[in-house]
Amino acid sequence: MDLDNVAIATEIGKLADLLEFSGANSFKIRAYRNGARVIKDFPDSFTTMVHNDPSKITAIQGIGKGVAEKITQLIELDNIAEIDELLEVIPVSVLDLLRIPGLGPKKAAALYQTLSIQTLDQLQAACEDGQVQELKGFAAKTEQSILDGIAIAAAANSRIRWASADKLAQTLLEHLRACPAVERIELAGSYRRGRETVGDLDLLVISTKPADVMDCFAEFPEWEQTLVRGDTKMSIRVLNSFQVDLRVVQQESFGAAWQYFTGSKDHNVAVRGHAKQLGMKVNEYGVFKVDGDEEIQVAGATEQEVYEVLGLPHFAAEMREAREEFQWAEQGALPELIELSEIQGDLHMHTTATDGKATIAEMVAAARERGLQYIAITDHSQRVSIARGLTAERVVQQWEEVDRFNETIEDDFRVLKGIECDILEAGGMDLPDEVLALADWVIASVHFGQKQSREQITDRIVGALENPHVKIIAHPTGRLINRREAYQVDMDAVFQAAQDNRKMLELNANPARLDLHDVHCAAARKREIPLVISSDAHSVAGLDVMQYGIVQARRGGLTAANVANTQPWEKIQQWFTS
DNA sequence: GCCGTTTTCGGCCCGACTGTTTTCAGTCG
């Protein structure tokens, strides 16, 4: 069966969950978990590798004989035998129990084995009956915290988009900076790594008065509940049950703590393993030389020195995912990640001609304010009737307007004649070729027929890439984060078609899209397909989402050289014909 | 189960906090 890497990783992860529940060796479980992560993050299709070159699979760091065998089974036989065997003795619903905060595999297994609890409903009933507190290792407090946790587990999808987390983060910073005991405050965790969704916020504070800082933390206006509070560590829930963790450290440990709390967990495991080989130990207080029983601190105040004493480069936070960063470091080939200031133009935006809120002149003025040197006006084509998409006649009129506008410009700023042209359900473009031929910049995108089969959608997109006038595919997978899954599409085929036809792909910077996602960005980079990071702005303010696209691009390991709109427009044009 | 310029066997990151415990297991990040 043709499965994408995410689907394969999900199955391997499920195997890890089931093994953990059944009390298997913890290192074996970790190996499967690690394998699942490696699969999910890998830029090439495992299905393709199984079909064409299975020996490549075990060459991948973290994938050995065991995981490779499970992958092959899954693709060739549609299922993994060991999962089926485990499911004969463990009902799949018990895995829901693990979603309750504070309830891990040991306690969940105890509940299943002694009280035959299989579902959240049964667990709730048992708690309310007072049965749970009778069990060994459980007591009244545990029972209550399980009851509280069930309510939280029910409120699924607690990860919020990065841009939303950013808003909350800024208000938290503002609140805590007003606290006199706070000497310095920084954000860490997946927020700092720029993950597209964030499950909690991690705050790190330098202070000699942790208790004062924590008191202040509890006074945050959106505070709902304090989960834990110790001497240096405190967790609260804020509005909508979102969790925020706070850690207070001393100046001399700040770098080590920041490194530690930024993660990712897997990145840190690798860093610590590396330190161990050098006879050193890393924890959140510093780096220590281990000499018998003696430990001498050799770094800790800054992140730079933490990495430096370990012989490692100061990795950008966005690349700390235990993906390729250690290989890059070893080869001295750490990419210099793209910065927002390197963007020279924005090649996807809408105006009042369709569903935008601003005119061409207003978009130009706003783009200039943001330091851009060119923009493309790319309104919708006629198929998007709800947005009053442009007919051939109207788009030609708009382009004449753009020509006239360009004549009024006295410097080098340039407005490009563009169109976001729909790829029709039956295949083919929404405007005739002779019209598209008049444009500077033709974006092709799928808006309708997103429920079609993988073959149909893939054919439509590949067909668009073969059209000589199309330059780029917008939001290539159609996903909306936390709202709509990507449509079924064979990205390997899309990448191949982009390469074969010398076309580009978009990284749509809208925080709800971020499409392509980081792993696809890395895949495009590897295949040397240029990406264009675009705002897809529907208003003046919409231009500012470019920053979110940059974060995602950095997570994909992209440099300015991988992103076409870091170049002047002339260079982009030349690329298509060179 | 994975991995290897100290290892093909014997390791596998490290500490805070909680609750149920009389010194520690489980969970979390």
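Residue numbers begin at 1 in each chain, while the letters A, B, ... track the order of the sequences.
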Looking for any heavy atom pair under 4.0 Å, which part of the strands does A/Val271 touch: base, sugar-phosphate only, or nothing?
-> nothing

Summarise how protein sits on nucleotides 18-29 of chain B as a single string, 5' to 3': B when a protein heavy atom is under 4.0 Å from the base, S for sugar-phosphate-only contact, - for no contact.
-> SSS-----SSSB

So what does A/Asn268 touch, heavy atoms closer than 4.0 Å: a base, only the sugar-phosphate, or nothing?
-> nothing

Side chain of A/Arg30 only, please: which of B/dC12, B/dC14, B/dG1 is the nearest?
-> B/dC12

If you look at every strand shown and take non-hydrogen atoms under 4.0 Å, does A/Asn34 touch a base, only sugar-phosphate, or nothing?
-> nothing

Assign A/Gly263 to base, sugar-phosphate, or nothing according to its heavy-atom contacts below 4.0 angstrom with the strands shown.
-> nothing

Sugar-phosphate only, base, or nothing, as touched by A/Ile63 at under 4.0 Å among non-hydrogen atoms | sugar-phosphate

So does A/Glu303 pair up with A/Arg192, basic N to acidic O under 4.0 Å?
-> yes

Under 4.0 angstrom, heavy atoms only, what part of the nucleic acid is A/Tyr32 near: base, sugar-phosphate, or nothing?
-> sugar-phosphate

Is a salt bridge present between A/Asp166 and A/Arg161, judged by a nitrogen-to-oxygen distance below 4.0 Å?
-> no

Base, sugar-phosphate, or nothing: which does A/Gln61 touch, judged by heavy atoms less than 4.0 Å apart?
-> sugar-phosphate

Checking A/Glu143 side chain against A/Val132 main chain: does a donor-acceptor pair fall under 3.5 Å?
-> yes

Side-chain heavy-atom pair A/Leu176, A/Phe220 within 4.5 angstrom cut-off = no

Does a side-chain N-to-carboxylate-O contact under 4.0 Å join A/Arg527 and A/Asp492?
-> yes

Could you check which nucleotide pairs with B/dT8 in any of the strands shown, counting Watson-Crick or G-U wobble with both distances under 3.5 Å?
-> none

Salt bridge present between A/Lys141 and A/Asp148 (N-O < 4.0 angstrom) | no

